[in-house]
Amino acid sequence: MAKVISEREESSVRLLRLEVTEDELALLVACLDFTMDEGDDEILENICGAYRDEVEGIREDLDLALHLETEQGLSAEAQLAPAD
């Protein structure tokens, strides 16, 4: 089960840092794939509350995190962290 590590608000957006298992992440990616494949843009927007390109971007980010391999001793967290 996903665990909330921290949360904060930035520019009126709630940002969460989560700890999830690889299987949980794979399930989220599969659900987004299914939803994007089965629905037209209007249905997708009604289900997800976002436009198709936004959902695709989120799906790509989750898939990247799922398949990210550590390089040169860097943790996956460090590789995904936004640049300051």
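This one's a predicted model, so the numbers in the text were calculated from it and none came from an experiment.
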Requested in this report: Drop me the distance from L68's CG to D61's CG, to the nearest 0.5 angstrom.
Outcome: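 Taking CG in L68 and CG in D61, the distance rounds to 11.5 Å.
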Query raised in the report: Are side-chain heavy atoms of R17 and V4 found at a separation under 4.5 Å?
Result: no
Report task. Return the set of residues passing side-chain contact (heavy atoms from CB on, under 4.5 Å) with E19 (not counting sequence neighbours), or none when no residue passes. Result ->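 Counting only residues at least two positions away or on another chain, E19 forms a side-chain contact (heavy atoms from CB on, under 4.5 Å) with K3, I5.
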Query raised in the report: Does L18 belong to the same Ile/Leu/Val/Met/Phe/Trp/Tyr cluster as L62, with side-chain heavy atoms less than 4.5 Å apart forming each link?
Result: yes
Query raised in the report: Quick one: side-chain hydrogen bond (donor to acceptor under 3.5 Å, both in side chains) pairs with a partner in residues 22-32, sequence neighbours left out?
Result: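 Pairs touching residues 22-32 that pass the test: T21-E24.
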Report task. Only counting residues at least two apart or in another chain, list the ones meeting side-chain hydrogen bond (donor to acceptor under 3.5 Å, both in side chains) with E10. Result ->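 Testing E10 for side-chain hydrogen bond (donor to acceptor under 3.5 Å, both in side chains), a comparison that skips the adjacent residues, returns R8.
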Query raised in the report: How is the hydrophobic cluster of V13 composed, in terms of its other members, when Ile, Leu, Val, Met, Phe, Trp and Tyr link through side-chain heavy atoms under 4.5 Å apart, directly or indirectly?
Result: L15
Report task. Taking salt bridge (Lys or Arg N to Asp or Glu O under 4.0 Å) as the test, write out the residues that go with E7, two or more places apart. Result -> R14
List the atom pairs, with distances to 0.1 Å, where a side-chain N or O of residues 26-34 and a protein N or O form a donor-acceptor pair under 3.5 Å, not counting sequence neighbours.
unit_1: D33; atom_1: OD1; unit_2: R59; atom_2: NE; d: 2.5
unit_1: D33; atom_1: OD1; unit_2: R59; atom_2: NH2; d: 3.4
unit_1: D33; atom_1: OD2; unit_2: R59; atom_2: NH2; d: 3.3

Which atom pairs, one a donor and one an acceptor, fall under 3.5 Å between side chains of residues 42-51 and the rest of the protein, sequence neighbours left out?
unit_1: N46; atom_1: ND2; unit_2: E42; atom_2: O; d: 3.3

